[in-house]
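Below is one structure, written out as structure tokens; the observations come after it.
Numbered from 1 within each chain, the chains take letters A, B, ... in sequence-line order.
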Protein chains: 2
Amino acid sequence: MISERKKKILAAVIDEYVRTAEPVGSKAIASKAGLGCSSATIRNELAELVSLGYLEQPHTSAGRVPTPMGYRMYVNELMEKQRLSLEETEDINRRMNQKLRELDDTISDVSRLASQLTDYPALALTTRTAVTIKRFDIIYVDANTFIIVVMLSDNTVKNKLVKLPVSVDQKLVQRLSALFNSGFTGITEEAVTPLLINSTERAADDTMGVTSVIAAFAIEVLTEAQTPTASISGENRLLSQPEFRDPDKAHRLMGYLSGGGYILPPNESMDAAGEIKVLIGPENVAEELKDSSVVIATYDAGDNTKGMIGVVGPTRMDYSAVAAKLSILAAGLSRRLGSGEAPPEGMHNKLIIKGDTGNE
Amino acid sequence: MISERKKKILAAVIDEYVRTAEPVGSKAIASKAGLGCSSATIRNELAELVSLGYLEQPHTSAGRVPTPMGYRMYVNELMEKQRLSLEETEDINRRMNQKLRELDDTISDVSRLASQLTDYPALALTTRTAVTIKRFDIIYVDANTFIIVVMLSDNTVKNKLVKLPVSVDQKLVQRLSALFNSGFTGITEEAVTPLLINSTERAADDTMGVTSVIAAFAIEVLTEAQTPTASISGENRLLSQPEFRDPDKAHRLMGYLSGGGYILPPNESMDAAGEIKVLIGPENVAEELKDSSVVIATYDAGDNTKGMIGVVGPTRMDYSAVAAKLSILAAGLSRRLGSGEAPPEGMHNKLIIKGDTGNE
DNA sequence: ATTAGCACTCGAAAGGAAAGAGTGCCAACA
DNA sequence: TGTTGGCACTCTTTCCTTTCGAGTGCTAAT
């Protein structure tokens, strides 16, 4: 266990370091933190915090800098769960309200918003599982052309224009429309078997292979709907961070991010919605992120739609503020994407912060 | 007029400078360019090229660097119109073939591809004008719900799920579907007048305001289809350029770009498809681009669909290679987006390079 | 246990010298 | 008249040394 005073000092070091990006010395802490003792005392404590592994010195005669372990301690126990002022919260919600259209647009809008709010690169991801088709329609345009319209279990609608090299009878299209609407609705992608397709083809008396075209579209739509959509915004904001003044370093990370780099540890699924996850420096799996930090909020929009929204930055990050903002964004997404209409606002979900507490 | 030898020397300076990013001296040129004269002669010529304004010296005892005017001369007259090898051309076409889905996806895929090929940030933009509705369908789902499906003049299909707070008779929906299909097809957005909406409402005997909902969607679709779509990729590639080693400078430009900064001079419209436009340094209108260059290829995909694809980089840019690659991309887009099916490959459009020849 | 004091360390900043690339110009030359 | 070798000159880049100062660690006093 670590003494109360050490905690206060550690917190003070981190706060100051986050603010200034410079190693912080004993004097600065003595004058700032409200603990009534001199810089010499602080020096002793600091030395111990170094040997405990929470802080380190760039070199013998410099101030102290938090280690990842120090940040971890800070995030887990020390940091005051920041609550944004009411205005800030309302501002975020207002800005989110303006931006609600199609899911795919929403996801990129929200990542852009997250980046704007935090001034770090932001990244949003949505996954849907167990999507089924709710309704199937085929609109006959002309003998070679028809439009397939599919309504999915999450009430999104997809369509496709199909042009065939051969002429098709309108009656056949009608029969197929009916058959698909009864046979292909309510089932998941795996249930679309060749067997099912074959029997549909026979039932429709389809000799021209139209059935398989439509079935292919059904599979495509289901697959696509279940393919995670991701969006990254504001990579350039990395450049305003002093730790990325080295263009090579910045380039490496930005390249990784815009290449769709995976942020989440693969084993950790996005279950617990409403939680905030913090990954500090070496806790990240990706080599490119080993000296950066990631803060992620997950949300659950119902209909098997889940997602995360997160930001990436240097380990010297204002975890508290970022977590608070992401939390509001995630809660907003859960509400809005979920029920279609927004429940009463103003309630944030509570800020449960969780991280990789494992060995380090 | 400028002597033949000066042209050769200027071209040599630019080639070398583009390659190395270092001021180039008389000796390097003497040994490289195949004109049989000594470095002293070259020095004299260089001095004249400086006073003519094509070159400049960073400081008295340094080599020469091209001015924007020098680049302009190079692009207009000196540069050999580079033809890519057959393999390269085929490679690009192949990679383009893999990426053809929805228009919105295509546009971002192609900008990504352009960025990969040139190693500069790339930007693509598509505009459509005079879009009309070709076909109008309304699918009745239940008493409160229906799906509007609209097929546009460029054969894209849009849909929307509408939920009403009131119950609607299926007959009314059918009547509206027919009315819209006759009254709202083949007309542009401006032709959708309140008058037309009103008369449709009366003709359908609609007392529940459904007509206006559908009309609103029609307007929305037409507006959206005519809103230019833009996409930027590979901003981070800027960081590999020596002239953007200064993070602040890089940040400024990247911020401008990802903020959807306008690249084209507003007065110049995207008419002449197949042309390549080069804007060098101060020829750009945007303050943020005054010391960068932009190369743009335009394409015409028929159906009033036009667009551009371009890259942004330092004025020290391999204009020739970039122009050649963009040209192939633009030609590919014209072919593919246009007719729906690709005409014979292997023909590039010719490389007409045009730029701001005005005062400078 | 805390604190004042002080010698010590080490990086960052400032100054200066040397190196080197490249020019400009002059005088010789074809 | 255009070209060339030669050479002094200029200016940046690099490297070394010195100085400066922030911050420490330790000791002795409280």
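Using a 4.0 Å heavy-atom criterion, one finds that A62(A) contacts the sugar-phosphate atoms exclusively.
Among pairs with a residue in residues 284-297 of chain B, those fulfilling salt bridge (charged side-chain N to carboxylate O under 4.0 Å, His left out) read K249(B)-D291(B), at least two apart in sequence or across chains. Contacts classified as salt bridge (charged side-chain N to carboxylate O under 4.0 Å, His left out) and involving residues 40-55 of chain B (residues at least two apart or in different chains) are given here: R5(B)-E45(B), K6(B)-E45(B), K6(B)-E48(B).
Running 5' to 3' along DNA chain D, contacts with non-hydrogen atoms of chain B at under 4.0 Å begin and end at dT3(D) to dT12(D).
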Protein-nucleic acid N or O pairs under 3.5 Å, nucleotides 6-9 of chain C:
from	atom 1	to	atom 2	distance (Å)
dT9(C)	O2	S61(A)	OG	3.1

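Atoms CD1 (I42(A)) and P (dT2(C)) sit 10 Å apart, rounded to a whole Å. Distance CG (L49(B)) to P (dG24(C)): 12 Å, rounded to an integer number of Å. Following rounding to the nearest Å, R64(A) (CZ) and dG11(C) (C1') show an atom-to-atom distance of 16 Å. For N44(A) and dA1(C), the CG to P distance is 11 Å, given to the nearest whole Å. When the C1' atom of dA1(C) is taken as reference, atom NZ of K6(A) falls 12 Å away, rounded to whole Å. To the nearest angstrom, P of dT3(C) lies 15 Å from NZ of K27(A). In this structure, CG of L46(A) is placed 14 Å from P of dT2(C), rounded to the nearest angstrom. Rounded to an integer number of Å, the gap from CD of E22(A) to P of dA12(C) is 10 Å.
Here Q57(A) does not reach the OP1 or OP2 of dC10(C): none of its side-chain N or O atoms lies under 4.0 Å away. Phosphate proximity of dT3(C) to S39(A): absent, as no side-chain N or O sits under 4.0 Å from OP1 or OP2.
R316(B) pairs by the salt bridge (charged side-chain N to carboxylate O under 4.0 Å, His left out) definition with E243(B), not counting sequence neighbours. Partners of Y71(B) according to the ring-ring contact (aromatic ring centres under 6.0 Å, His included) rule, which considers only residues two or more places apart in sequence or in another chain, are Y319(B). In this view, D119(B) and R237(B) satisfy the side-chain hydrogen bond (donor to acceptor under 3.5 Å, both in side chains) rule, not counting sequence neighbours. In this structure, the side-chain contact (heavy atoms from CB on, under 4.5 Å) partners of D91(A), at least two apart in sequence or on a different chain, are R94(A), R95(A).
Taking all atoms of both residues into account, the shortest heavy-atom contact from G70(B) to L10(B) is O-CD2, 4.3 Å. Of all heavy-atom pairs between A30(B) and S38(B), the closest is CB-C, 4.3 Å.
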Taking distance alone, no hydrogens or angles, what donor-acceptor pairs closer than 3.5 Å link side-chain atoms of residues 52-61 of chain B to residues at least two apart or in another chain?
from	atom 1	to	atom 2	distance (Å)
Q57(B)	NE2	T60(B)	O	3.2
Q57(B)	NE2	A62(B)	O	3.3

